[in-house]
Amino acid sequence: MDKIDISNIDKKWQSFWSEKKNKFKNTDKNKKFYCLEMFPYPSGKIHMGHVRNYAIGDVVARYKMMNGFNVLHPMGWDSFGLPAENAARENNLNPKEWTKKNISAMKHQLKLLGLSVDWDREISTCDEEYYKHQQELFIDFYNKGLVVRKETYVNWDPIEKSVLANEQVIDGRGWRSNAIVERKKLYQWFFNISKFSEELLEDLDTLKEWPERVKLMQKNWIGKSVGCEINFKLSGVEKFIKVFTTRPDTIFGATFLAVSVDHPICENYKKLPKFLDFKKKCSQVGTTEEAIANAEKIGFKTDLEVEHPFIKDKTIPIYVSNFILMDYGTGAIFGCPAHDQRDFEFATKYNLEIKPVVKPKDANLINLKNEAYTGDGTIINSEFLNGLKVPDAKEKIVKEIAKKNIGKKKITFRLKDWGVSRQRYWGCPIPMIYLKNGEVVPVDKSELPVKLPENIDVNSKGNPLDTHPTWKKTKYKKTGEEAIRETDTLDTFVDSSWYFIRFCSPKNKSKAFDEDSFKYWMPVDQYIGGIEHAILHLLYSRFFMRAIKYCNKRISIKEPFKGLFTQGMVCHETYQDEKGKWISPDQVENTQIGMKSKIDGSKIKVGPSEAMSKSKKNIVDPESMIKIYGADAVRWFILSDSPPERDVQWSTAGVSASHKFIQRIWALNQKTLNRNQNKNDDEKKFSLKFNEYVFKITDLIEKFQLNVAIAKIYEITSLFENNLEKKISNEKFINYQTQFLKMLLPFAPHLSCECLSKLEGKNFYSNMQWPKGSKSLLDKQEVTLVVQINGKKRALINAKKDLSEKDVLIEAKKIDNIKKNLKDKRIIKNIFVKNKIINFIIAK
RNA sequence: GCCCUCGUGGUGAAAUGGUAGACACAAAGGACUUAAAAUCCUUGCCCGUAUGGGAGUGACAGUUCGAGUCUGUCCGAGGGCACCA
């Protein structure tokens, strides 16, 4: 028997599909399906995470094609970003050349997977043709007021004189200079995403095909909180400080006020050395939420006090503190240490009064020695609020505050405007210019794109666009006066916030997208990508869709992604030598006495399985795996071993087993062609079973349970193997096998098509149609009923479907083991569930 | 710190509240072979030759005729936190 020649068959079908452009005969223009996987960053080599992402997407795309849909399945490159600049610095390469080279290498590798991707629609975000339209969109947004300029903080490296990304800050220091990173204020461009806060939150409910946990993460990210603004009057003067709180019910427990270092009242102290010291300390904490939350809470006591609005003659001190953020709420809070953990820690540190105002149901629980009490309860020590429950007290105090005219109910969102300015070279230039009179205006659209200069000095300190000798000098088209270009580039998240729209009309030169193509293809029916994008990328894309709708009356869609699937990561065991150096899997072999180094035979320590990463060297290269085992085996393994939404562990044994299975199908196909049978006595039983599998696999693919679908394919293979000798005519057998191979096709397309063409006696095969099961055959299927006594399994009954309780009882009582167990026992009742169980409840 | 997810054999896992461990990996034993590879078969907690019985899904409670699945508390692992993409 011949073995399958994997590499020839891979090549043969890949070139066949590329000529046919993956269009199958039965597509219906009225049924569209837009299947999209998150496009890759062109790092130069595909990794197993890509293989998994695109293997899942390809199953969906091919399955939909086979069901008659007109499928859009494009691919492109998220090709701006920091790594190109780093590579440029390290290897003295031009970022553009580096990126181009990487794209062509990765495209070659992706093609080896045999994906049903339409390469005619390929786009790359660093192409002028792409970012030109992005600049247009930016200007459209600007003209509609969706772009604003304001000050915000960045991580500043004082030695490199440049802004650092969070990942470039390690333990509070710059990754290259090792300088202590400072928080520095810069003017930056923002997208006014917070304008849509309410909408972005509410519309989550319309996303029925999104995972609940992603929606929950977005909900928390947007962070709507209902609270109250209160003006506290400064002692002695007619000035007020506005605070925001979600716990106005605890106002009688307020013992201090805390404001952000950036609060306007701090202006008073900007010359005071003690305050400047304090401010410097604050600025050395990173800009991430995590860093701020974990930083030790410190405070600066001002000489100011406010009057308590409800307690006569009580004054409250004002502190400046690092745990208050200027861009959330009003940048000021009242501290109620008894009922807020952060306030508690602060008060303990500075010896401030801790006054309980909420009594828990179980009064013994109150213990304010170690932590605040943040739970529910009854209000105490609070005059007119005493005795009320927390929610009722909130309502009452808000009314009182409004009555006194010192504040009002207020809804605040955690979601901040999206800062899109980056002080970097390898990104889309922001199409704005600065005039001499201080005005900032957009570049005239006729002058787009604002191109990146190619001759840059990547090793210069600071932003290469800013230090470039001529690039930023320009003229304002309207007046001809000299002007200076914006030297910041756009966050690369902007590039990926609309690429899915560009795919609808990727070649359109005059505008970002053609409205008719947009209307036909959008929204994306199935979007597939990593869970790590659950918040930002998806939220930004949702914002972009709304912003585009806001600017273009012909667009009515708000949500870009109808269905979302988030896949897990690809993991591998980690290996270390005796010195603790990380060792890559291909330098390790498994011997009878444990893991050994292939190079010097030394002992290797096996660590836990973790997401594949360069730093731990636990990477397996897809291309070499494809070379050894073939594209189908690699795709098959990565889909078979775990549910797609969970992490999967790569194993060489696993992919080699997948390869064996490919051989097994190939062998079965040859046995089928060589068998000789024309009787049909055994066909009925076989067809009943097979028919059941058609329904099961269809359902499992629809539900994304691809690993289970694959388990069923293993079972079907055994079913065919076990029936080779049975009395089923060749014609029938080949007919079933054709249907079977079509169900295999989305998972292992090269193998499936090769087997199909062999069954037909042709060289190629392209008439694809997903098999349709028969509902009436399904009803003839036998079922297994469980016989229980007091909920414990005691026997099984094989029976026709839909047997009545009476008949099942008769059958059950015939079984020896049941007779034995029911002897001399009193049956209290039976529980019967059709086609499932009969449970005898007996007296003990 | 805040938020989210996940805990089932040696391993990856399966199971509309109804047979726990399908399917696969690894292991052990066997068949075929001069031998190996390949392939195929069997086994897999405890008691029992076996029919059978018992324990068992991170821990402890609860709801139910019946809980891996639902509820609560706890323990453990992983992920996200706005300039990585």
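Just so it is clear: chains get the letters A, B, ... in the order the sequence lines come, proteins before strands, and each one is counted from 1.
For the 3.5 Å distance criterion, the side chains of A/N835 and A/D802 qualify, holding a donor opposite an acceptor. In this model, a donor atom of one side chain and an acceptor atom of the other lie less than 3.5 Å apart for A/W189 and A/E486. Counted by atom type alone, A/N707 and A/S640 present zero donor-acceptor pairs between their side chains at under 3.5 Å.
A/R794 comes within contact range of the sugar-phosphate backbone alone, with a heavy-atom separation under 4.0 Å but no base atom that close. A/F493 comes within 4.0 angstrom of a base, heavy atoms only. Across all strands, A/R422 comes closer than 4.0 Å to base atoms (heavy-atom distances). Residue contacts shown for A/S651 are absent, as no nucleic acid heavy atom lies under 4.0 Å away. Nucleic acid contact class of A/H537 (heavy atoms, under 4.0 Å, all strands): none.
As the counterpart of B/C2, B/G80 is assigned, both hydrogen-bonding distances of the Watson-Crick or G-U wobble pattern falling under 3.5 Å. With a cut-off of 3.5 Å on both pairing distances, B/A85 has no Watson-Crick or G-U wobble partner at all. Figure legend. B/A67 is base-paired to no nucleotide; pairs are counted as Watson-Crick or G-U wobble with both atom distances under 3.5 Å. When both distances must be under 3.5 Å, the Watson-Crick or G-U wobble mate of B/A26 does not exist. Summarising the base pairing, B/U57 is matched to no nucleotide, lacking a Watson-Crick or G-U wobble pair whose two defining distances lie under 3.5 Å. Pairing of B/A31, defined by two Watson-Crick or G-U wobble distances under 3.5 Å, is identified with B/U39. Figure legend. B/U16 is base-paired to no nucleotide; pairs are counted as Watson-Crick or G-U wobble with both atom distances under 3.5 Å.
A/R422 pairs in a salt bridge (Lys or Arg N to Asp or Glu O under 4.0 Å) with only one of the listed residues (A/D466, A/D488, A/D491), which is A/D491.
RNA chain B is contacted by both A/K829 and A/N817; A/N817 maps to the nucleotide lying nearer its 5′ end (nearest heavy atom per residue).
A salt bridge links A/K814 with A/E811: at least one charged nitrogen is closer than 4.0 Å to a carboxylate oxygen.
Using cut-offs of 30° and 60° for the angle between ring planes, the A/Y131 and A/F80 rings count as tilted. Taking the six-membered ring where tryptophan is involved, the planes of A/W418 and A/F191 are perpendicular, since the angle between them exceeds 60° and thus also 30°.
Heavy-atom contacts of chain A under 4.0 Å fall on RNA chain B between two terminal nucleotides, which in 5' to 3' order are B/G1 to B/A85.
When all heavy atoms of A/N790 and A/N839 are compared, the closest pair comes out as N-OD1, 3.4 Å.
Scanning for side-chain hydrogen bond (donor to acceptor under 3.5 Å, both in side chains) contacts around A/Q781 gives A/E692, with sequence neighbours left out.
Using a 4.0 Å cut-off on heavy atoms, the residues of residues 632-647 of chain A that approach RNA chain B are A/D641, A/S642, A/P643, A/R646, A/D647, listed by number.
Separation of the C1' atoms belonging to B/C45 and B/G21 is 13 Å when rounded to the nearest angstrom.
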